[in-house]
Structure formats: structure tokens, C-alpha cells
Amino acid sequence: MESKSIFHREVFSKPYYGFVDGFTKTEFESTKILGKFYTDYKVADELVERVVETLSVIKNKTINIIDPFCGDGRLILKFLEKISETPEYKGNFFKICIWDIDNLAVKKARTDIEEYCRKKDVHMQISAEVTDAFVTYGDFLGTFDICLTNPPWGLLKPLKLFNARCSEQELDIYKGSISAYDTYMRQEFAISQ
């Protein structure tokens with residue numbers, strides 16, 4: 001039997017993101033449509049500070065952490081910087097999972113996290129995946145000790161900028177993918193509407 005997330009990934013996510021990737025002409029258009037605005041460093045520092053303050057001491061243990069919308073990896077990096085300054089966490093092993101829909105961002109985040117951990121002798125294992133966390137998350141509920149993230153926002157509605165660039169058939173596919181994805185989002189995240 002096919003898993004729920006794979007079904008949703010095929011039906012909702014890939015057609016929508018595939019269309020946007022294929023028809024946006026500039027990085028600005030892609031950024032605006034997909035909500036690729038990275039967390040300000042000051043906000044990242046505050047978020048990480050609060051997460052670390054609320055942690056119970058987990059000494060000499062593996063800590064499973066995820067950022068399902070990792071962007072350039074700055075939240076995980078800020079977390080690792082903060083936690084490596086805290087004596088109670090010396091000797092911990094970190095299993096780090098990063099996801100994003102942006103392949104280049106995932107590669108950069110992985111490289112930067114690996115480089116930081118090498119320099120600071122932080123023991124870790126990293127898993128990096130290009131995926132839509134809104135549809136993948138269901139397969140991983142209860143898997144992580146820490147979810148450190150600042151979820152994106154995007155424009156999930158037909159945009160006029162595509163009208164001049166696309167044929168009627170392409171626009172119908174685009175609108176259909178938006179409608180299916182929006183229906184999924186409303187059902188899956190009803191209280192977030």
C-alpha cells in the first residue's frame with residue numbers, strides 16, 4: 001500500500017512546484033511566490049535562545065533535530081553554536097535532518113552545517129532532503145526531539161504574471177495544481193486557515 005505522503009507528494013506538491021520552477025523568470029518571482037524569505041539573524045538568535053532555555057538537559061545522548069524548511073541552514077547553525085557553548089551538552093551526538101523545496105538551499109545548508117561541525121568538533125550525522133515538508137511530515141511524527149523552524153509563507157493562488165507567458169492549457173494545469181494543493185492544505189491544516 002502506498003504511503004499517504006508519497007500519494008500527496010505526487011498529486012499535490014510536485015505539479016505545483018514544477019510549474020512555478022518552470023515558469024518563473026527571475027529569482028525574485030520564485031522567492032515571492034514560494035515564500036523564500038529567510039529568517040532574520042536577530043530573530044534566529046532569539047528563537048534558538050528560547051529553544052535552548054526550554055530544553056531539559058540531555059547529556060551524552062543522541063539528539064534528533066529537524067528543520068523542515070531549512071533554507072540556508074541558519075537556524076540549525078545558530079542552534080549548534082548555542083548548544084556547543086553549553087557545557088551540559090558536551091559529548092552529545094546530533095542527528096540532524098534538513099528539508100526544503102529548494103535544492104540549492106539544501107546543498108548549501110548541508111555544506112555549511114558539515115563545515116561548522118568539523119571546525120567545532122561537533123559529533124553529528126546529517127540527512128538532507130529536497131521535499132515539501134507540508135506533505136512529508138506525516139511519515140515522521142514523533143521522530144524528532146527538536147523541531148527548529150520558521151515555516152515559509154507563499155502565495156497559493158493564480159498569479160497574473162503567468163497569463164502572458166503560458167498557453168491556456170498550461171494555465172489550466174497551473175490552476176488545477178493550485179486548487180488541488182490548496183484543498184489539501186485546507187484539509188490537512190484546517191486550524192491554520
Could you tell me whether a side-chain N or O of [X] sits under 3.5 Å from a main-chain N or O of [Y], the two making a donor and an acceptor?
| X | Y | result |
| --- | --- | --- |
| Glu170 | Ser167 | yes |
| Thr111 | Lys107 | yes |
| Thr143 | Phe140 | yes |
| Asp100 | Val106 | no |

Checking [X] now: which residues fulfil side chain to side chain contact (heavy atoms under 4.5 Å, CB included) with it, not counting sequence neighbours?
| X | answer |
| --- | --- |
| Val48 | Val52, Lys78, Phe79, Lys82, Leu148 |
| Gln125 | Phe93, Lys95 |
| Thr54 | none |
| Asp112 | Leu77, Lys108 |

Going by salt bridge (Lys or Arg N to Asp or Glu O under 4.0 Å), name the residues that satisfy it together with [X], two or more places apart in sequence or in a different chain.
| X | value |
| --- | --- |
| Lys119 | Glu115 |
| Arg50 | Glu46 |
| Glu81 | none |

Please report the C-alpha distance between Asn64 and Cys97 in whole Å, then the side-chain angles of each, then the deciding distance to 0.1 Å, and finally whether the side chain to side chain contact (heavy atoms under 4.5 Å, CB included) criterion is met.
CA-CA 8 Å; Asn64 292 298; Cys97 185; over 6 Å; no
For Asn103, the side-chain hydrogen bond (donor to acceptor under 3.5 Å, both in side chains) test, sequence neighbours excluded, returns none
Taking only residues two or more places apart in sequence, or in another chain, which ones meet Asp72 in a side-chain hydrogen bond (donor to acceptor under 3.5 Å, both in side chains)?
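Applying side-chain hydrogen bond (donor to acceptor under 3.5 Å, both in side chains) to Asp72 gives Arg74.
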Spacing of [atom1] belonging to [X] relative to [atom2] belonging to [Y], to within rounding of 0.5 Å:
| X | Y | atom1 | atom2 | value |
| --- | --- | --- | --- | --- |
| Met124 | Arg118 | CE | CZ | 7.5 Å |
| Phe94 | Ile65 | CZ | CD1 | 7.5 Å |
| Asp132 | Trp99 | CG | CH2 | 10.0 Å |

How close do Cys147 and Pro68 get, heavy atom to heavy atom, and via which atoms?
SG-CD, 3.8 Å
Show, in sequence, the C-alpha distance, side-chain angles and deciding distance for Gln169 and Asp172, and conclude whether the side chain to side chain contact (heavy atoms under 4.5 Å, CB included) test is met.
CA-CA 5 Å; Gln169 183 181 11; Asp172 287 344; 5.6 Å; no
Listed by chain and number, what are the ring-ring contact (aromatic ring centres under 6.0 Å, His included) partners of Phe69, not counting sequence neighbours?
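ring-ring contact (aromatic ring centres under 6.0 Å, His included) list for Phe69, sorted by chain: Phe134.
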Just do the side chain to side chain contact (heavy atoms under 4.5 Å, CB included) check on Leu47 and Leu75 with the steps written out, would you?
CA-CA 8 Å; Leu47 179 64; Leu75 292 178; 3.9 Å; yes
Does the ring center of Tyr137 lie less than 6.0 Å from the ring center of Phe144?
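Tyr137 vs Phe144: aromatic centres not under 6.0 Å.
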Is it possible for you to say whether [X] and [Y] belong to one hydrophobic cluster, with membership spreading through side-chain heavy-atom contacts below 4.5 Å?
| X | Y | result |
| --- | --- | --- |
| Val122 | Leu55 | yes |
| Tyr116 | Tyr41 | no |
| Phe189 | Tyr181 | yes |
| Ile113 | Leu104 | no |

With a 4.5 Å heavy-atom cut-off, do Ile98 and Ile66 have their side chains touching?
no
Are side-chain heavy atoms of Lys61 and Asn92 found at a separation under 4.5 Å?
yes
Exactly one of Ile146, Asp67, Leu80, Ile63 should register a side-chain contact (heavy atoms from CB on, under 4.5 Å) with Ile96. Which one does?
Leu80
Dump the intermediate steps for side chain to side chain contact (heavy atoms under 4.5 Å, CB included) on Thr131 and Ile101, then the final yes or no.
CA-CA 5 Å; Thr131 190; Ile101 60 168; over 6 Å; no
